[in-house]
Amino acid sequence: QVTLKESGPVLMKPTETLTLTCTVSGFSLTNARMGVSWIRQPPGKSLEWLAHIFSNDEIIYSTSLKSRLSISKDTSKSQVVLSMTNMDPVDTATYYCARILGTDWLDPWGRGTLVTVSS
Amino acid sequence: DIVMTQSPLSLPVTPGEPASISCRSSQSLMHSNGNNYLNWYLQKPGQSPQLLIYLASNRASGVPDRFSGSGSTRDFTLKISRVEAEDVGVYYCMQALQTSITFGQGTRLEIK
């Protein structure tokens, strides 16, 4: 069974750097045509894709957030780490990681972690 | 980025009745391989999104056959043949033609 689980801070202050970890099981981060993506969802709003990292180490970032994002993986720990700098209250959202198959679809998703940014 | 537009945004449905959700993209989602890179997700209350339909018309594993997807190039439809109480939630379309994935605004299905 493939599962993904997000972990990270619940509450942050403006200007801080967010670091989230996605721990996967049931598949390897070296599997061909597989990768992990990060997506976020502000309360009551739609979904916004943030970044992909693929088994061949290719990385793609959202154009609008590229300057603030960094994604990496540790295959030995089956973990993908997303960092976002200079957090602002508008970044308050539930952050999800999901497996991406090829570049075709996201499945499954983790349960998500709510990150609140407030002074 | 490709813009995804869903309609309606709210959909009240009587159990046992059919339901239909439309999704339109700002540019064609058809790849040169003939596949349309359009997926449908359902986010049930308090849960993460779950894959319903991939590549426009393929039901994901475990998805009931009352769900079906159709369409091509820019216009796509998700149909539920007979709505059940467990189908409530927000439905999203998502394009994956471009690696910079984008989602529709979501359609909230509620039971009358």
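Fair warning: this is a prediction, and the values are worked out from it, not measured in the lab. Each chain gets a letter, A, B and so on, in the order its sequence line appears, and its residues count up from 1.
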Only pairs under 3.5 Å, no angle test: what donor-acceptor pairs are there between chain B and chain A?
unit_1	atom_1	unit_2	atom_2	d
B:Asn39	ND2	A:Asp104	O	2.8
B:Tyr41	OH	A:Leu106	N	2.9
B:Tyr41	OH	A:Leu106	O	2.7
B:Gln43	OE1	A:Gln41	NE2	2.9
B:Gln43	NE2	A:Gln41	OE1	2.9
B:Gln43	NE2	A:Tyr96	OH	3.1
B:Ser48	OG	A:Gly110	O	3.1
B:Tyr92	OH	A:Gln41	NE2	3.1
B:Thr99	O	A:His52	NE2	2.8
B:Gly104	O	A:Ser46	OG	2.7

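Hydrophobic clustering of Ile, Leu, Val, Met, Phe, Trp and Tyr side chains at less than 4.5 Å, counting indirect connections, unites B:Leu38 with B:Leu55. Linking Ile, Leu, Val, Met, Phe, Trp and Tyr residues whenever their side-chain heavy atoms come within less than 4.5 Å places A:Leu69 and A:Ile59 in a single cluster. Linking ILVMFWY side-chain heavy atoms closer than 4.5 Å, directly or via other members, places A:Ile100 and A:Val2 in a single hydrophobic cluster. One hydrophobic cluster, built from ILVMFWY side chains closer than 4.5 Å, cannot hold both A:Leu50 and A:Val81; they sit in different ones. Under the 4.5 Å side-chain heavy-atom criterion for grouping Ile, Leu, Val, Met, Phe, Trp and Tyr, A:Leu11 is not connected to A:Leu82 through any hydrophobic cluster.
Both the backbone and the side chain of A:Leu106 come within contact range of chain B, judged by heavy atoms closer than 4.5 Å. Contacts between A:Ile39 and chain B at a heavy-atom distance below 4.5 Å involve the side chain alone, from C-beta outward. For a residue to count as touching a neighbouring chain, one of its non-hydrogen atoms must lie under 4.5 Å from one of that chain's; by this rule A:Ile60 touches chain B with the side chain only.
Residues A:Leu47 and B:Ile101 fail the side-chain proximity criterion, which asks for heavy atoms closer than 4.5 Å.
Counting heavy-atom pairs closer than 4.5 Å to chain A, the top residue among B:Ala60, B:Ala96, B:Gly46 is B:Ala96.
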